[in-house]
Amino acid sequence: MSYEQFCTTLCSTLTALTAPGITVTPKQIPKNNGVFLDALWLRREKAACSPIVYLKPLYQEYCQGKSVDALSLEILRGIRRDRPFSLTLPDLLIDLESAKEYITFRLISRTLNEPFLDGLPWFPFLDLAIVFYLQLPADSGGITSVCINKSLLELWSLTPDVLRRIAFQNTPRLLLPCLVPLEDMLRESLENGSTGQNAPSRSDFPAPVPPSLYILTNRQAAFGAACLLYDGLIKKFAGQMLSDVLILPSSIHEVLLLPRTAAISVTELRQTVKQVNETMVDRQELLSGEVYLYEQKTDRFTLCPPDSPSWHDTPETDGKMNP
């Protein structure tokens, strides 16, 4: 059965199995970087929130031998067991005082999200965009998030500046940072025999890992590139390294930190970022093709200029400052 036939068949099967008053509708869900994912929307009449079921992973299970009927029953059992959204979500979307403690921020690509950003409050950071989400605990014990758009901001009567201030206070508390040498993390994953989809391995990198390369993310390893803007974090790291810091945007989930030395070629680093983006990072998780510089003496982030004899003394600022 082709993917298109599978989607149609699963939709029909779920429609036949669901209770009256629930409609099953194919939808394309917009995601980061202009990516749209095929899904089925199981909508209950007058319900404030309804579950979304993504189709590509289910088709992979079908190709591995699971029947459409079995998949349909698993979907329905999962929805009954693990509510996809917190029961308090509708109230949180209306009441700012209840929602305030869950407001967080993320870093995403600016160029790959231009249409998406039109409807959002956002701030520039170098070639990236700072956007805002409600990061909520789900009834199932997991995490669900809701993008904060301009309509929601108006409903809350909140200005973008106040939104940013709240998010910059909350995010380090809700999503604790994790900064470790990359070599240690790779060694640990190899020793533990990690086989998870996101588990790193030496083959994930086009060159040997320098011993001074560090990975920065959060404890959830999700949208951890935002840790770059946690107050004082990079400044403290630079102080410990006694060096300015080069920053490689690995993905929306993490960045790599490298103390800057004269032996490091920014051109080669940028080529490495480009190669990794093209061959190893899913489009939905792309962050940037640039290399960034944090300067100790100015406490500022800049885009790294090309290699030149005087680049350390005259870094380009691109007119953008650390927010």
Side-chain angles (χ1 to χ4, degrees), residues 32 86 88-111 113-114 116-138 143-179 216-239 245 247 249 252-255 257 287-288 292-296 298-303 317-323:
N32 190 48
S86 169
T88 62
L89 178 57
D91 294 333
L92 286 171
L93 295 179
I94 296 173
D95 181 21
L96 173 61
E97 289 305 312
S98 299
K100 189 179 294 184
E101 65 177 297
Y102 300 110
I103 293 174
T104 62
F105 75 91
R106 297 177 182 176
L107 277 177
I108 63 173
S109 167
R110 199 191 317 177
T111 56
N113 287 284
E114 287 182 354
F116 177 57
L117 292 173
D118 286 343
L120 305 182
W122 65 279
F123 292 85
F125 173 71
L126 302 175
D127 64 326
L128 307 176
I130 304 169
V131 295
F132 304 93
Y133 280 76
L134 282 175
Q135 190 84 7
L136 302 169
I143 294 290
T144 188
S145 60
V146 178
C147 184
I148 298 174
N149 56 28
K150 291 179 179 177
S151 298
L152 191 53
L153 206 62
E154 291 177 5
L155 179 65
W156 289 340
S157 299
L158 200 63
T159 67
D161 286 335
V162 173
L163 177 71
R164 181 171 68 169
R165 186 169 67 247
I166 294 171
F168 272 63
Q169 291 171 348
N170 284 345
T171 310
R173 173 179 58 83
L174 295 174
L175 301 169
L176 296 173
C178 179
L179 175 60
L216 174 63
T217 184
N218 54 40
R219 298 265 180 99
Q220 290 78 8
F223 300 97
C227 295
L228 188 62
L229 297 183
Y230 285 9
D231 186 31
L233 192 152
I234 301 300
K235 181 178 182 178
K236 180 179 179 180
F237 175 77
V245 180
I247 301 157
I252 57 174
H253 301 305
E254 70 280 313
V255 295
L257 307 182
L287 185 59
S288 173
Y292 308 129
L293 171 68
Y294 172 80
E295 279 200 307
Q296 278 189 293
T298 60
D299 190 25
R300 289 177 56 170
F301 296 93
T302 64
L303 294 177
T317 65
D318 194 40
K320 315 288 193 309
M321 294 183 64
N322 180 11

Student: For Asn218, check side chain to side chain contact (heavy atoms under 4.5 Å, CB included) against everything at least two apart and list the hits.
Tutor: Leu175, Gln220, Cys227
Student: Which atom names give the shortest non-hydrogen contact between Arg173 and Leu176, and what distance separates them?
Tutor: O-CD2, 3.9 Å
Student: Give the C-alpha distance, both sets of side-chain angles, the deciding distance and a yes or no for side-chain contact (heavy atoms from CB on, under 4.5 Å) between Leu216 and Ile247.
Tutor: CA-CA 10 Å; Leu216 174 63; Ile247 301 157; over 6 Å; no
Student: Just how far is it from atom CZ of Arg110 to atom CD1 of Ile130, taken to the nearest 0.5 Å?
Tutor: 9.5 Å
Student: Please tell me if the side chains of Ile148 and Trp156 come closer than 4.5 Å, counting only heavy atoms from C-beta onward.
Tutor: yes
Student: With no hydrogens and no angle check, is any side-chain donor or acceptor of Lys235 less than 3.5 Å from a backbone partner on Tyr294?
Tutor: no
Student: Taking the side chain as every heavy atom from C-beta outward, state whether Phe132 and Leu153 have any atom pair closer than 4.5 Å.
Tutor: no
Student: Identify the two heavy atoms, one from Asn149 and one from Leu152, that lie closest to each other, and give their separation to 0.1 Å.
Tutor: OD1-N, 2.8 Å
Student: If I take atom CG from residue Asn113 and atom CH2 from residue Trp122, how far apart are they, to the nearest 0.5 angstrom?
Tutor: 10.0 Å
Student: On the 0 to 90° scale, with breaks at 30° and 60°, tag the Phe168-Phe105 ring pair as parallel, tilted or perpendicular.
Tutor: parallel
Student: Nearest 0.5 Å, what's the CG-NE2 distance between Leu287 and His253?
Tutor: 10.0 Å
Student: Just so I know, are the side chains of Gln169 and Lys100 near enough to count as touching, which here means a heavy-atom distance under 4.5 Å?
Tutor: no
Student: Quick check: do Leu120 and Cys147 have side-chain heavy atoms less than 4.5 Å from each other?
Tutor: yes
Student: For Pro172 and Pro177, work out which heavy atoms get closest and say how close.
Tutor: O-CD, 4.2 Å
Student: Testing the basics here: between Leu134 and Ala99, what is the closest heavy-atom pair and its distance to 0.1 Å?
Tutor: CD2-O, 3.5 Å
Student: Give me the atom names and distance for the closest heavy-atom approach of Ala221 to Thr217.
Tutor: CA-OG1, 3.5 Å
Student: Looking at residues at least two apart in the chain, or sitting in another chain, which of them share a ring pair (Phe, Tyr, Trp, His ring centres under 6.0 Å) with Phe116?
Tutor: none
Student: So do the side chains of Leu228 and Phe301 get within less than 4.5 Å of each other, counting heavy atoms only?
Tutor: yes
Student: Indicate the atoms forming the closest heavy-atom contact of Leu174 with Glu101, along with that distance.
Tutor: CD1-O, 3.4 Å
Student: Side chains of Asp127 and Tyr292: closer than 4.5 Å at any heavy-atom pair?
Tutor: yes
Student: Other residues, nucleotides and ligands only: do more than 12 of their heavy atoms fall within 6.0 Å of CG on Asp231?
Tutor: no
Student: Answer yes or no: is there a side-chain heavy-atom contact under 4.5 Å between Thr104 and Phe223?
Tutor: no
Student: About how many Å separate CD1 of Ile108 and CD1 of Ile252, when rounded to the nearest 0.5 Å?
Tutor: 8.5 Å
Student: Give, for atom CG of Leu107 and atom CG of Leu229, the distance between the pair rounded to the nearest 0.5 Å.
Tutor: 5.0 Å
Student: Could you grab the distance from atom OG1 of Thr159 to atom CZ of Arg164, nearest 0.5 Å is fine?
Tutor: 10.0 Å
